[in-house]
There are 2 protein chains.
Amino acid sequence: MTILRSTRLADGTARGIPDATVARLPVYLRALNALAEQGVLSCASNELAEQAGVNPAKLRKDLSYLGSYGTRGVGYDVEYLRYQIAREMGQTQDWDVVIVGVGNLGSALSAYQGFSTRGIRVAALVDADPQRVGTVVSGIVVSPLDTLDTLVSERQISIGVIATPAPAAQEVADRLVAAGITSILNFAPAIVQVPEGVDVRKVDLSIELQILAYHEQRKASADTSATSKATSKTTSKVVSA
Amino acid sequence: MTILRSTRLADGTARGIPDATVARLPVYLRALNALAEQGVLSCASNELAEQAGVNPAKLRKDLSYLGSYGTRGVGYDVEYLRYQIAREMGQTQDWDVVIVGVGNLGSALSAYQGFSTRGIRVAALVDADPQRVGTVVSGIVVSPLDTLDTLVSERQISIGVIATPAPAAQEVADRLVAAGITSILNFAPAIVQVPEGVDVRKVDLSIELQILAYHEQRKASADTSATSKATSKTTSKVVSA
DNA sequence: AAGAGTTTGTGAACGTGTTAACAAAATCGA
DNA sequence: TCGATTTTGTTAACACGTTCACAAACTCTT
């Protein structure tokens, strides 16, 4: 095999892993951790795929973008594969995040237990409200919004989380970018504009529920137009997020 | 035009609106609300698309699945389009949700201001912890997990939100399904298995941050392998969630 | 009434993501 | 060693999503 695939460069470094695959790798990682905790040493793509809730072929294709880490006729070594995915995802190091906005959501996020085991560390909390500045939330002192620049550069923070009300989101995003942040997770129900080279992911709680409501409505109208008894026979699929 | 498109049935009812479109309609709705508040009566696809952060062609195609609600050479009537999308999304009625798990995240969700204006109403809170049962969170008395059946049927609740730790997620999902719920929003970091006909959407906070960390890592390694000064010239795109 | 200027709605090309199917590569028993 | 069995890695077909580009349909000016 001398022909280079488009996902690999000449140096063998994996490149251009599809976005859809990148979004699933953490799911596989979590499934592998669960298996490792159960003492499972090796597993086939079928088992792992079921744990992760995906099609086995999809799982194998996803893994093939990273390299050939399985053994034909055998399966995958749980620990080895776990390490390889973790390395690809950058989890061999810890990533420090700053949470901007320490309201209900910001507080919940800073208390979230799941981060530490996934290479995520809440390194700083920031709020614009003087009443909140100085208070301790989840063991971290809340800093004023003005100190964002200093915090980011001093503590090598690379990811910012916006957990403010919608009207403040754009200004916070601007400040994060000005401070040198190039990855933002936005929980505020607003679209933020950022310069080229900055990644923004958006999580919108209302929208998730609105999407479910839409499907619920469709199911309801399908039930009434068909036999109203056949509630469990509707064939709508599970919608992944 | 007598030929039926695949997205329309003989009765003219819109069907099979693409998932990607459904996920964006609430965004358009929010953009339209923002415009309406500014007193804008009419707008072109260009303006609305910019507000919503999407390509204008995509916006027009999305809207075309609902019908022809614009006027060529003019644009869209803000109020009229707002109503049409709201109707399609089922927002002419309120949707009642039950939140299971009143920890940090569950409390934050129940206090979330954005739901009420989007046709979402938190109708009940449920927790397995006897210490939490009976307490009042955001004005709602927390009920015991056992009463789920009664709550759901009495209050016509159609959507369930799982905000429990991961180990409890599957059992909660089973109980929600047993109570007749067919739409679930899962915040627990676990894959839940549900029967055919039940929709599950998953929001995973760690995974969102892990995806950002991956892109951050790629940006960092691209910078070191290229000129280390050219930080702002990287051409990575904004990653939508 | 006609022409210039807008802006929608959509066909068609393109790109990305999913999945079935199978050859290649491993194990295992005889 | 050989054949049977298992399971990966990958190809190729398909489905889905995006975007360009343009005719159709509207307004406005003259």
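Hydrogens, waters and symmetry mates play no part in the numbers below; they use all other heavy atoms, side chains included. Each chain gets a letter, A, B and so on, in the order its sequence line appears, and its residues count up from 1.
A/Asp62 places its CG atom 11 Å from the P atom of C/dT19, with the value rounded to the nearest Å. If you take OH of A/Tyr69 and P of C/dA25, they are 19 Å apart, rounded to a whole angstrom. Between A/Tyr65 atom OH and D/dT11 atom C1' there is a gap of 12 Å when expressed in whole angstrom units. Look at CG on A/Leu63: it is 7 Å from P on D/dG9, rounded to the nearest Å. Straight-line distance from the CG atom of A/Leu59 to the P atom of C/dG17: 17 Å, rounded to whole Å. Nucleotide C/dT8 holds its P atom 15 Å from the OH atom of B/Tyr80, rounded to whole Å. Per the geometry, CZ belonging to B/Arg24 stands 12 Å off C1' belonging to D/dC16, to the nearest Å. Note: NZ (B/Lys61) to C1' (D/dA21) measures 12 Å, nearest angstrom.
Listed nucleotides: D/dC20, C/dT19, C/dG9. Nearest to the side chain of B/Ser68: C/dG9. Closest to the B/Asn55 side chain, of the nucleotides D/dC20, D/dG17, D/dT10, is D/dC20. Each of C/dG9, C/dT19, D/dG9 was ranked by its minimum atom distance to the side chain of B/Arg72; first place goes to C/dG9. Checking D/dG17, C/dT10, D/dT10 against the side-chain heavy atoms of A/Ser64 singles out D/dT10 as nearest. Listed nucleotides: C/dG11, D/dC26, D/dT10. Nearest to the side chain of B/Thr71: D/dC26.
Remark on DNA chain C: of its neighbouring residues A/Val74 and A/Ala57, the 5'-side contact belongs to A/Ala57, judged by nearest-heavy-atom nucleotide.
Smallest separation of non-hydrogen atoms from B/Arg82 and B/Leu29: O-CD1, 3.5 Å.
For A/Tyr80 and A/Tyr69, the distance between ring centers is under 6.0 angstrom.
Surrounding CD of A/Glu50 are at most 12 heavy atoms belonging to other residues, nucleotides or ligands under 6.0 Å away.
To the nearest 0.5 Å, the span separating CG on A/Leu105 from CD1 on A/Ile162 amounts to 12.0 Å.
The phosphate of D/dT19 has OP1 or OP2 within less than 4.0 Å of a side-chain N or O from B/Lys58. Between B/Tyr76 and C/dG9 there is a side-chain polar atom (N or O) within less than 4.0 angstrom of OP1 or OP2.
Between the side chain of B/Arg60 and the base of C/dG9, a donor-acceptor pair under 3.5 Å is found.
Remark: of the listed residues B/Val172, B/Asn186, B/Leu176, B/Asn186 is the sole one forming a side-chain contact (heavy atoms from CB on, under 4.5 Å) with B/Val192.
Residue B/Ala20 is in sugar-phosphate contact alone, with no base atom involved, counting any heavy-atom pair closer than 4.0 Å across all strands shown.
Residues of residues 28-48 of chain A that place a heavy atom closer than 4.0 Å to DNA chain D, in numerical order, are A/Ala44, A/Ser45.
Inspection of the B/Ser158 and A/Glu216 side chains reveals no N or O donor paired with an N or O acceptor under 3.5 Å. In summary, the side chains of B/Thr92 and B/Arg87 do not present any donor paired with an acceptor at a separation below 3.5 Å, with no hydrogens or angles considered.
Taking a cutoff of 4.0 Å between a charged side-chain nitrogen and a carboxylate oxygen, A/Asp204 and B/Arg30 qualify as a salt bridge.
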